[in-house]
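Everything below concerns the one structure shown next.
Numbering of ligands and ligand atoms starts at 1, following listing order. For this chain, numbers begin at 1 and follow the sequence in order.
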Amino acid sequence: MSPVDEKNELYELVKALPKAELHLHLEGAMSVRTLIELAHKHGVQLPPDIHPAVVFDFKNLDDFIRVASLTFSVMLDEDDFRRTTYEMLRQSASHGARHVEFFFSPSSHPVMSYKSMMDGIIMGMNDARQEFGITSFVIPSHNRMLGAKAGLEFLDMVQSYRVPEVVGIGLEFAEHPYPPDEYRELYQAAARAGLRLTAHAGEDGPSTYVRSCVAVLGCDRIDHGYHIVDDENLLSRYKHSGIWFTCCPTTTRHTTIWKDPSDRSHAIHAMLDAGLNVMINTDDPGFFQCDLTGEYLSLGLPVEKMVKLAVRSIEASWLDDKTKLALRAAWEEEAQALVNKYNTLTSVSV
Ligand SMILES: [Zn+2]
């Protein structure tokens, strides 16, 4: 088999592997084409450099947030939320995702009621499930830049329209100036309300922020978490803790000091080598123009490790334990059948 054929086989295998995707933002998943079409629909003026072939060059997290805010400005009715949800899940399913838990930022859409946004989102989730068999939860996420008091109002809003599709909350936007400890009251109240907890941390914030998210906020998942590699003690403490890290290789190129996900010194490799529970995601695939298959491949891992990463990713989800166990067993079988199908990988055991 030629190297090109082997590469194609590897791509097809990784694409087909059953996976969970748990770090994905509704607004950041919007394609540039949809951004332009929605702007046209609502008569919203976009900057002149926005066209279907545009590739954004994000210098840092703040630059990214500024550009991402364009998507907020064009999501102005219930159907926009249905459409963007459906398109995001369709894209994720086309790269092997079977279960998705995605963020959306209610405070970024001040002209919309929470109920309208949620109704549109749920329609998109139902349409995608019927068409592609993909299941999903939605994670309303607090914009930490609005502060702690606004966080409590955010929680009231989430509680005012409690739907089964919402099982937890998140914390996002510029991390470094807003330490997690400030949101303690929000997270404690959310836990009392029976919500699961995750937060963006350790992306441009230090390892102490990761520790606070677990120890102070009570998170069982950390979105990104890369700077945990700066603290040996924390690395070994979280090895058997059940804490999961939702990592996003392409994002690290744009917003962190780790620019090459295939480099063995990259934080994601250090986390994997330390034995942390890591799973792989796209984060903002519309703006970064990435996909789940490419994210797995970007790490340059041996095939058997990619297979294990994919099959284990469901363990990090907020599905109930019985469902997760059943899916994990089914995915292992399916992954083994895929491995057997592709000639290059016949010796791999999952
Ligand atoms: Zn994110």
**Message:** Between D283 and the Zn ion (ligand 1), is there a contact where an N/O/S atom of the residue lies under 2.8 Å from the metal?
**Reply:**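 Looking at D283, which is the residue asked about, there is an N, O or S atom under 2.8 Å from the Zn ion (ligand 1).
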
**Heteroatom test (N, O or S) for C248 near the Zn ion (ligand 1), limit 2.8 Å** =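 So C248 does not count as coordinating the Zn ion (ligand 1).
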
**Prompt:** Ring centroid separation for H23 and H25, is it under 6.0 angstrom?
**Reply:**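 Aromatic pair counts; centres sit under 6.0 Å.
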
**Prompt:** Does the separation of the ring centres of F137 and H99 fall below 6.0 angstrom?
**Reply:**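 Yes, close enough.
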
**Item:** Angular separation of NE2 (H200) and NE2 (H25) seen from the Zn ion (ligand 1), to 10°
**Value:**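 Between NE2 of H200 and NE2 of H25, at the Zn ion (ligand 1), the angle is about 90°.
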
**Request:** For the residue pair W258 and I268, establish whether any side-chain heavy-atom pair is separated by less than 4.5 Å.
**Result:**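 No, too far: nothing below the 4.5 Å cut-off.
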
**Message:** Could you check whether atom CD of E185 has more than 12 heavy atoms from other residues, nucleotides or ligands sitting under 6.0 Å from it?
**Reply:**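 No, because the 6.0 Å sphere around CD of E185 holds 12 heavy atoms or fewer from other groups.
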
